[in-house]
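Structure, as structure tokens:
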Amino acid sequence: MPRKTLYILSGVAVLFFALGLLLMPETFWGLFGGKIGPLGAWVSRLMTTTMLANVFLFWNLRNEPAESRVAKLFSQSQVIAWGVMAFVVAFEIIDFGLNLMTWSNALLGAAFAILFAIDGFKK
């Protein structure tokens, strides 16, 4: 998959989650079978700051050439971000019994981790 497409798709996915966590964190977590209180809502909104920074980078690095060191490093960092997210979400499903919709997040994270690995570690 071309880097531009990968970055745009990932940016849209992250933006979707960021807006959900920013604007309606209780409802958003409820979609996945989770419940949060005021502290959870605050942490969700705090997480959004990093997510929006990533969206900014996805958008601005989307046209970088294949040999760009900066884009390769960013893709490599996304392998860690998406991979850890997929692992943590899968663990939470098993440990806390979140609903089946949450598996879509784990699979999305695993798929993006693989796609970013292909982009970030190719010669």
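Bear in mind the structure is a predicted one, so any value in this text is a computation, not a measurement.
Listed by chain and number, the hydrophobic cluster partners of I118 are I114, where partners are ILVMFWY side chains within reach of under 4.5 Å, directly or through others.
A donor-acceptor pair under 3.5 Å is formed between the side chain of R3 and the backbone N or O of P65. A donor-acceptor pair under 3.5 Å is formed between the side chain of K72 and the backbone N or O of K122.
A distance of 7.0 Å separates CZ in F112 from CG in L115, rounded to the nearest 0.5 Å. Atoms CG and CG, from N54 and L61 in turn, are 10.0 Å apart once rounded to the nearest 0.5 Å. Note that the CG atom of L15 and the CE atom of M51 stand 9.0 Å from one another [nearest 0.5 Å].
Placement of W59 and V12 in two distinct hydrophobic clusters is found when ILVMFWY residues are connected by side-chain heavy-atom separations under 4.5 Å, directly or transitively. Both F116 and M1 are assigned to one and the same hydrophobic cluster, defined by single-linkage of ILVMFWY side chains at heavy-atom distances under 4.5 Å. In the hydrophobic clustering of ILVMFWY residues, with side-chain heavy atoms under 4.5 Å counting as a link, F16 and M47 come out together. Follow the hydrophobic side-chain contacts under 4.5 Å out from M101 and you reach I93 in the same cluster. Under the 4.5 Å side-chain heavy-atom criterion for grouping Ile, Leu, Val, Met, Phe, Trp and Tyr, F17 is connected to L46 within one hydrophobic cluster.
When every heavy atom of G11 is checked against every heavy atom of V55, the shortest pair comes out as O-CG2, 3.7 Å.
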With a 3.5 Å cut-off and sequence neighbours excluded, list the donor-acceptor pairs that the side chains of residues 75-86 form with protein atoms.
| residue | atom | partner | partner atom | Å |
| --- | --- | --- | --- | --- |
| S75 | OG | Y7 | OH | 2.7 |
| S75 | OG | A71 | O | 3.2 |
| S75 | OG | D119 | OD2 | 2.5 |
| Q76 | NE2 | G120 | O | 2.7 |
| S77 | OG | F74 | O | 2.6 |
| Q78 | OE1 | W82 | NE1 | 3.3 |
| W82 | NE1 | S10 | OG | 3.4 |

Tell me which donor-acceptor pairs under 3.5 Å the side chains of residues 18-44 have, and how far apart each pair is, sequence neighbours excluded?
| residue | atom | partner | partner atom | Å |
| --- | --- | --- | --- | --- |
| W29 | NE1 | S44 | OG | 2.8 |
| S44 | OG | G40 | O | 2.9 |

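The environment of CZ in F121 is crowded: more than 12 heavy-atom neighbours from other residues, nucleotides or ligands sit within 6.0 Å.
E64 meets the side-chain hydrogen bond (donor to acceptor under 3.5 Å, both in side chains) test with S68; sequence neighbours excluded.
Residue pairs meeting the salt bridge (Lys or Arg N to Asp or Glu O under 4.0 Å) criterion with at least one member in residues 36-50: none, sequence neighbours excluded.
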